[in-house]
Amino acid sequence: MIYLDYQATTPLAPEAREAMLPWLSGPEAMGFANPHSPHRPGRAAAAAIEVAREQVAALLPPGGRVVFTGSATEAINLAILGRKPRQAAVSAIEHAAVLDTAAASGARVRTLAADGEGIVAVQPLDPGTDLVAVMQVNNEIGTIQPVAAWAEAAHAAGALFLCDAVQGAGKLAAPEGADLVALSAHKLYGPKGVGALWIREGVDLAPLIHGGGQEAGLRSGTLSPALIAGFGAAAALARVRMAEDAAQVERLWSLACSLLPDWTLNGSAERRWHGNLNLRREGLDVARLMSDCRDLAFSAGSACASGSGRPSHVLRAIGLADSDAKSSVRLGFGRYTTEKDIEDACARIEAAATAQRY
Ligand code: PLP
């Protein structure tokens with residue numbers, strides 16, 4: 001099996017797994033202790049959480065704090081619903097975590113259009129806009145958004161700027177100027193089930209989850225030292241390996257593009273994270289392709305929309321006809337992908353797609 005679905009989730013880095021193990025240990029070692037308990041094992045677990053908080057914060061600008069959540073989806077819900085916006089502006093290519101939460105918030109929501117290259121250029125904001133959300137890197141087509149310019153535009157309009165940095169964190173520099181940034185461990189080689197919201201100093205949010213008052217009252221519930229230690233280790237590793245990981249992805253990108261010359265790229269080639277190759281081929285039956293390539297783990301359009309039968313909202317937002325959107329596939333690769341993986345996968349995909357024509 002060749003894994004080419006790095007936007008859906010990344011493999012757990014061995015270093016992150018190692019960092020988790022002490023907090024999953026049996027009764028003797030007491031790694032299981034509640035990090036909110038005042039006794040010694042509890043304090044040790046709490047200390048590990050604070051180390052991880054620093055490691056995650058190091059991916060973000062100074063002048064803010066990291067609140068751990070159960071996922072980036074929860075972080076985004078906290079950012080939007082905890083702010084209770086009256087008028088929000090959100091990009092058309094946001095993840096459902098942003099789109100659906102903004103819709104559920106009761107705010108008036110304006111959609112910011114993307115161009116044919118998959119870029120959401122800065123646009124005038126309606127008077128009264130109090131929250132703007134534009135993601136750093138799109139999860140379906142990998143396009144990198146002008147988030148620093150959006151932060152400036154939001155502030156000029158008197159709004160806060162929320163950046164979903166799930167696909168960019170640990171790969172690119174932190175989104176400049178954002179007030180709220182959402183991250184997910186499992187997209188940067190950490191474990192599933194833990195995310196974070198970075199909150200700029202001075203930005204107030206109301207909690208969504210009430211109870212024991214953990215995370216300074218903003219997110220009640222016992223934290224998981226194992227998941228958080230894994231998140232921290234993955235973040236630290238991503239920071240150290242950022243240039244190396246990017247160079248690896250560049251090599252794989254060039255190789256894959258050279259092996260699939262008859263496919264059309266969805267979204268900009270240049271303003272893009274090159275670990276995302278979203279391609280289409282006219283008339284391609286993607287379901288048949290996926291069934292013919294069962295030993296490749298890749299995605300049709302977006303992992304979230306896969307299987308729904310609905311064309312992706314992102315591909316539609318960049319102007320693709322439904323038929324083109326439905327004949328698109330997403331290959332995602334990263335740190336642990338080899339050149340041989342790319343060669344084998346591209347050969348199989350190419351052969352299966354070509355066979356559909358006869
Ligand atoms: N935002 C983006 C851009 C994503 O790709 C995802 C996951 O697919 C999420 C948010 C949600 O992240 P999580 O799985 O941590 O809830």
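Whatever order the structure lists them in is the order used to number ligands and atoms, beginning at 1. Here the structure is a predicted model, which means the values were calculated and not measured.
Which parts of ligand 1 touch Ser184 is read off a 4.0 Å heavy-atom cut-off, strictly below it: atoms 13 (P), 15 (O). Of all atoms in ligand 1, listed by their number and element, those nearer than 4.0 Å to a heavy atom of Lys187 are 5 (O), 6 (C), 7 (C), 8 (O). Taking a cut-off of under 4.0 Å to the non-hydrogen atoms of Met135, the atoms of ligand 1 that pass are 3 (C).
By the neighbour-count criterion of 12 heavy atoms within 6.0 Å, atom CZ of Arg241 is densely surrounded, having more than that number from other residues, nucleotides or ligands.
Checked by distance only, ligand 1 and Ala72 come closer than 3.5 Å through their nitrogen or oxygen atoms. Residue Gln7 has no N or O atom closer than 3.5 Å to an N or O atom of ligand 1.
Within the 4.0 Å heavy-atom cutoff, His186 counts among the residues contacting ligand 1.
Aromatic ring pairs are classed by plane angle as parallel below 30°, tilted from 30° to 60° and perpendicular above 60°; the pair Trp253 and His274 is parallel.
Side-chain atoms of Asn278 come within 3.5 Å of backbone atoms of Glu140 as a donor-acceptor pair (strictly under, hydrogens ignored). A donor-acceptor pair is defined here as one N or O able to donate and one able to accept, closer than 3.5 Å; such a pair exists between the side chain of Thr10 and the backbone of Tyr189. Side-chain atoms of Asp341 never come within 3.5 Å of backbone atoms of Thr337 as a donor-acceptor pair (strictly under, hydrogens ignored).
Using a 4.0 Å cut-off between heavy atoms, Thr73 contacts ligand 1 through both its backbone and its side chain.
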Practice problem: Verify side chain to side chain contact (heavy atoms under 4.5 Å, CB included) between Lys171 and Asp245, making sure each step is shown before the conclusion. | Solution: CA-CA 8 Å; Lys171 300 186 179 90; Asp245 283 351; over 6 Å; no
